[in-house]
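Below: one structure, written as structure tokens.
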Amino acid sequence: MNKIMSLSASLLLIISCVSCTEKKSADISSSSWTEPVVVSQTIYKEENIPLPEDFASLTQLYSSGGEVLMIYRSDLSDSSYSIARYDSELDLLSTTELFSEDINECAAAFAPDGSFALLLIFADYDKYPIEDYEDYFANAVVRFELRRYDAQGGLNDTIELDGLNDYYTFGQSFFSEFAFWGDRIVIGLEGKDSGYLLLDGSGNVTDELSTNTHYAFVEDSEGKLIMSAFEDYTEMDAPSLKYPSAATAFGEYSFRTGDMFTGTEDFRFYAELGDGIYGITQHGDSVKVLDYNSSRIVSSEIRGIVNISEGKFALVGCSNSGRSYLSLLTVRPDDYIEERQKVIFGVNFNDTTLSAEYNRKSDRFEVETKVYADDDALKSAILADEAPDVYNFYDISSVYKFANFGALADMYELSEQYGGFTKDDILDNVAAACEYKGGLYCIPSLIMIDARFADRNVIGMEHQNWTLDEFFEIAEN
């Protein structure tokens, strides 16, 4: 029986994951789900494409008629926005400046024909430079504009949205969603004024929905509005924001981790799920069309992704270092074979971020993530001689249990046999927490340092090595 190397996550990570996937209130009841289908080839190769020279940050990415349209902020200081048009091979066709004005917020939404709208917030204030932000948020005159453009970036009309002031608190609210629904528009707000608004073609608010649940919206290839929570989606069946009676789950362990975008070919729409891009068919089937892990795509870096045509995607990302990039993703041939050695990484939640980051840097090993529902599922896999190579435990007690089974590898023994690290390379407190019966059967995947910060003018440097009792004494006095 192969023995497993284990990772043990901290309590904070447990709490974070539970919070992110917490089941929403019973606004929509999920129907039963069907196992996602996987197309014959989900591995894509990535080709880096130059961004426009004045690119600062992405506002919206869209694909229409074989072209890729990118609305971006072109100057962070002057609030300049432009649109870039690319052909199907991501050769730059043109860039057009949309406006350069002093605005507070900009959101963009595309229609299926490539036309688009910008939702702009202006705050008129006569005390510049701003020194008192409390006065600024209280007394600035806030106004909203909806600007509609054709696909080439030509301005068609401008509408003043006077009614939005009743739903928006300046400085405490922000736009979270902006999507077309035929000639109507859906706007999402988060912050103090959480909820969603439906506007008619003249910019009037015709319906509203107050909720703290975050939803994403997209107009599908049939012109119908799709509304999605993290774990499921539903089709809006009337020109209002009234909840439909049921929703369809993406899958047993599948959660939307990013946006949705309008479908092409056989798909109504696409959704960014934990381990890749899935297309939703006319019959409601989820089809995995792009695998993040094997394509070496880091999902946390994605800022926008769209399908250009079958087997071809455009992706705008931002690396951990803050570098933005544009990539053309094209599907590998069906007979493509990955030559790297495969390593199975077991988890009990569907998140491929760590494995994708590793795969992008490794030419020797390919990490594949496999989900196990609980300890019993892992135990069954071990007894069937189908254990993962590495497993990410959430509970240290499970590590002790599987170590007693003889299922886990002692990493001290591996170190003596293969090298790579010694006990001296591990912090003493980490080793003490992870050792069990003289062996090292886990290492933490996350380490937190708990700290308190104070104003040195109030506390004084003489207290820099204080104890907790001294802290309470100073606080009381």
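- For the pair Leu51/Met70, a side-chain contact is recorded, criterion being any heavy-atom separation below 4.5 Å from C-beta on.
- The local environment of CD in Glu310 is sparse, with at most 12 non-hydrogen atoms from other residues, nucleotides or ligands closer than 6.0 Å.
- Residues Phe170 and Tyr136 place their aromatic rings such that the two centres sit under 6.0 Å apart.
- Minimum interatomic distance between Met236 and Ser240 (heavy atoms only, all atoms of both residues): CE-O, 3.6 Å.
- For the pair Thr42 (side chain) and Val289 (backbone), a donor-acceptor distance under 3.5 Å is absent.
- Contact detail for Ile302 and Glu272: the closest heavy-atom pair is CG2-OE1, 3.7 Å.
- Residues that satisfy the ring-ring contact (aromatic ring centres under 6.0 Å, His included) test with Tyr270, not counting sequence neighbours, are Phe261, Phe267, Phe313.
- When side chains are defined from C-beta on, Leu164 counts as touching Val205, because their heavy atoms get closer than 4.5 Å.
- Aromatic pair Phe345/Tyr358: ring centres not closer than 6.0 Å.
- One N or O on the side chain of Gln41 and one on the backbone of Ile43 form a donor-acceptor pair closer than 3.5 Å.
- Taking both residues in full, the closest heavy atoms of Gln152 and Thr96 are given as O-OG1, 3.8 Å, listed atom of the first, atom of the second, then distance.
- The nearest pair of heavy atoms linking Tyr168 to Asp193 is C-OD2, 3.6 Å.
- Between the side chains of Ser57 and Arg73, no donor-acceptor pair of N or O atoms lies under 3.5 Å.
- Residues Ala246 and Thr234 approach most closely at O-OG1, 2.9 Å, considering heavy atoms.
- Listed by first then second residue, pairs satisfying salt bridge (Lys or Arg N to Asp or Glu O under 4.0 Å) with a partner in residues 147-170 read Glu101-Arg147, Glu145-Arg147, Arg148-Asp157, not counting sequence neighbours.
- Side-chain atoms of Tyr167 never come within 3.5 Å of backbone atoms of Ser194 as a donor-acceptor pair (strictly under, hydrogens ignored).
- Here the rule is ring pair (Phe, Tyr, Trp, His ring centres under 6.0 Å) with Phe250, and of Tyr233, Phe230, Phe255 only Tyr233 fits it.
- Judged purely by atom type and a 3.5 angstrom limit, Thr169 has no side-chain atom pairing as donor or acceptor with the backbone of Gln172.
- Proximity of Tyr325 to Glu46: side-chain heavy atoms (C-beta onward) are separated by under 4.5 Å at one or more points.
- Of all heavy-atom pairs spanning Ser295 and Asp291, the tightest one is OG-O, 2.8 Å.
- Surrounding OH of Tyr128 are more than 12 heavy atoms belonging to other residues, nucleotides or ligands, all under 6.0 Å away.
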